[in-house]
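All values below come from the heavy atoms of this structure, side chains included, with hydrogens, waters and symmetry mates left out.
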Amino acid sequence: MVVILKPNADRQRIDALLKAVEALGLKTNYSQGQETTVVGLVGDTSRVDIDALKANEIVEDVKRISEPYKKANRRFHPADTLVQVENVTIGEGFFHVIAGPCSIESEEQLCSIAQDVKKSGATLLRGGAFKPRTSPYSFQGLETSGLKLLLEAKKLTGLPIVTEIMGQDQIEDFADVDIIQVGARNMQNFRLLKALGQLRKPILLKRGLANTIEEFLMSAEYIMAGGNENVILCERGIRTFETMVRNTLDISAVPLLKQQSHLPVIIDPSHAAGIAWMVTPLAKAAVAAGADGLMIEVHNDPKNALCDGAQSLTPQQFDQLMQDVKRRAAFEGKQMCK
């Protein structure tokens with residue numbers, strides 16, 4: 001349930017309203033936007049007398065919400081959420097590109113790519129230290145050594161770092177990571193999501209391979225219910241009957257998520273198709289659809305990459321993509337950040 005307050009409502013009366021609602025055993029989510037202030041009521045709202053609420057002189061309207069996600073719901077929080085990562089602001093009005101190798105292979109490889117992507121305009125560095133692979137015989141990443149190399153690359157370039165966590169037992173190891181990524185396979189690892197909800201560190205949540213938009217937002221809700229509202233949603237393609245591409249990029253997810261939720265939305269076109277030449281056109285489509293950013297895989301020697309070389313761009317290809325994206329972002333009126 002959402003209670004929409006009248007403009008310039010007195011703070012003392014607001015506090016009294018919140019206290020009265022909480023006395024019914026409900027939690028309140030107060031959100032003050034530039035034009036609208038709303039109070040979201042979370043819990044068993046059947047005990048709430050809607051007519052009595054509407055009669056309150058500071059209340060403009062009361063609406064019931066049928067969606068099971070509340071904190072991630074735009075009707076609870078009309079203003080767009082902006083996630084701050086050091087000097088980087090992710091969300092509506094800004095456009096950022098996260099780039100780097102699928103898997104960290106060596107200090108030389110990572111630092112070289114980090115310098116290249118920064119020069120081209122990337123504002124965050126990605127790199128896989130722990131790699132969940134379909135086959136147990138595939139390269140699993142450098143693990144904790146990879147995390148140390150990411151921190152070295154950050155010292156060299158100043159780029160905030162993004163990397164994927166496998167389970168809640170690794171949280172302490174990720175203390176110096178700027179954005180913790182939850183991969184598609186872990187989107188419904190609810191114990192991990194609950195643990196990440198206890199942090200105040202930004203979480204990049206990827207959509208599962210065969211999950212609906214509602215399930216995706218419910219996973220975000222798990223994190224937010226714990227108190228961590230610094231969630232970034234990432235559409236990375238879903239599994240369909242099509243076999244010519246690895247996954248099908250659900251570009252419709254961008255406007256849908258924007259309409260349903262206030263959280264930032266980015267696109268990972270590399271994992272979507274799994275084909276390097278398709279990354280640029282899908283990236284441009286993401287900008288046009290209203291995404292707040294991109295996540296791109298870049299490798300200095302894709303043919304010999306230990307992980308996902310087929311979908312990785314060379315630094316030269318990434319530089320060309322960035323030029324194309326900058327032009328598209330400017331056309332769409334987005335602030336391309338650097």
Side-chain angles (χ1 to χ4, degrees), residues 79-102 110 113-128 150 153-154 156-164 177-183 201-207 220 229-237 249 251 253-255 257-258 261-272 279-280 282-298 312-313 315 317-338:
D80 292 297
T81 287
L82 299 178
V83 176
Q84 193 69 35
V85 187
E86 295 190 353
N87 62 338
V88 172
T89 303
I90 300 173
E92 186 65 32
F94 302 90
F95 194 87
H96 289 276
V97 177
I98 306 167
C102 172
L110 179 62
I113 295 171
Q115 289 176 304
D116 285 334
V117 298
K118 180 181 180 181
K119 184 178 178 181
S120 296
T123 45
L124 299 103
L125 174 67
R126 63 146 292 148
L150 268 176
K154 179 181 178 179
L156 178 66
T157 62
L159 295 176
I161 55 177
V162 184
T163 194
E164 183 174 351
V177 172
D178 298 296
I179 300 179
I180 297 177
Q181 175 183 317
V182 176
K201 187 184 292 290
I203 308 298
L204 191 152
L205 178 66
K206 285 197 165 188
R207 183 181 179 185
E229 298 190 356
N230 297 300
V231 179
I232 303 161
L233 303 173
C234 180
E235 165 61 40
R236 44 81 69 204
L249 179 61
I251 202 70
V254 178
L257 289 168
K258 288 281 191 176
S261 179
H262 52 90
L263 299 173
V265 180
I266 70 168
I267 289 284
D268 178 350
S270 300
H271 276 95
V279 172
T280 294
L282 293 180
K284 290 191 286 188
V287 181
D292 300 307
L294 298 167
M295 194 172 196
I296 308 289
E297 292 192 355
V298 181
S312 299
L313 302 184
Q317 290 170 328
F318 176 72
D319 188 70
Q320 182 60 55
L321 176 147
M322 287 298 292
Q323 293 180 42
D324 292 341
V325 167
K326 287 174 185 176
R327 286 193 292 269
R328 171 60 64 178
F331 179 78
E332 298 292 335
K334 297 179 180 292
Q335 181 181 338
M336 191 76 183
C337 302
K338 187 174 182 180

Step-by-step side-chain contact (heavy atoms from CB on, under 4.5 Å) determination, Ile90 to Leu82: CA-CA 6 Å; Ile90 300 173; Leu82 299 178; over 6 Å; no
Derivation of the salt bridge (charged side-chain N to carboxylate O under 4.0 Å, His left out) call for Asp116 and Lys119: CA-CA 5 Å; Asp116 285 334; Lys119 184 178 178 181; over 6 Å; no
Stepwise side-chain contact (heavy atoms from CB on, under 4.5 Å) test for Leu233 and Ile266: CA-CA 6 Å; Leu233 303 173; Ile266 70 168; over 6 Å; no
Step-by-step side-chain contact (heavy atoms from CB on, under 4.5 Å) determination, Lys154 to Leu159: CA-CA 5 Å; Lys154 179 181 178 179; Leu159 295 176; 5.9 Å; no
side-chain contact (heavy atoms from CB on, under 4.5 Å) between Thr163 and Gln181, worked out: CA-CA 5 Å; Thr163 194; Gln181 175 183 317; over 6 Å; no
Salt bridge (charged side-chain N to carboxylate O under 4.0 Å, His left out) assessment of Asp178 paired with Lys201: CA-CA 7 Å; Asp178 298 296; Lys201 187 184 292 290; over 6 Å; no
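The shortest heavy-atom contact between Leu205 and Ala220 is CD2-N, 3.5 Å. Nearest approach of Ser120 to Asp319, heavy atoms of both residues: OG-OD1, 2.8 Å. Minimum heavy-atom separation, Ile113 to Val298: CD1-O, 3.6 Å. Contact record, Leu321 with Ala283: CD1-CB, 4.1 Å, taken as the closest heavy-atom pair. Closest approach of Pro269 to Met295, counting heavy atoms only: CD-O, 3.4 Å. The shortest heavy-atom contact between Gly290 and Val254 is C-CG1, 3.7 Å.
No side-chain donor-acceptor contact under 3.5 Å links Ser261 to the backbone of Leu257. Counting only distance, with no hydrogens or angles, the side chain of Gln323 and the backbone of Val325 share no donor-acceptor pair below 3.5 Å. When atom types are taken as modelled, the side chain of Lys206 and the backbone of Val182 share no donor-acceptor pair closer than 3.5 angstrom. Listed for the Arg126 side chain is a donor-acceptor partner under 3.5 Å among the backbone atoms of Cys102.
Of the options His262, Glu229, Glu92, a side chain to side chain donor-acceptor pair (under 3.5 Å) to Thr81 is made by His262 and by none of the others. For the pairing with Ile232, the side-chain contact (heavy atoms from CB on, under 4.5 Å) check across Ile203, Val162, Val83 returns one residue only, Val83.
At a threshold of 4.5 Å between non-hydrogen side-chain atoms, the residues Asp268 and Ile296 do not count as touching.
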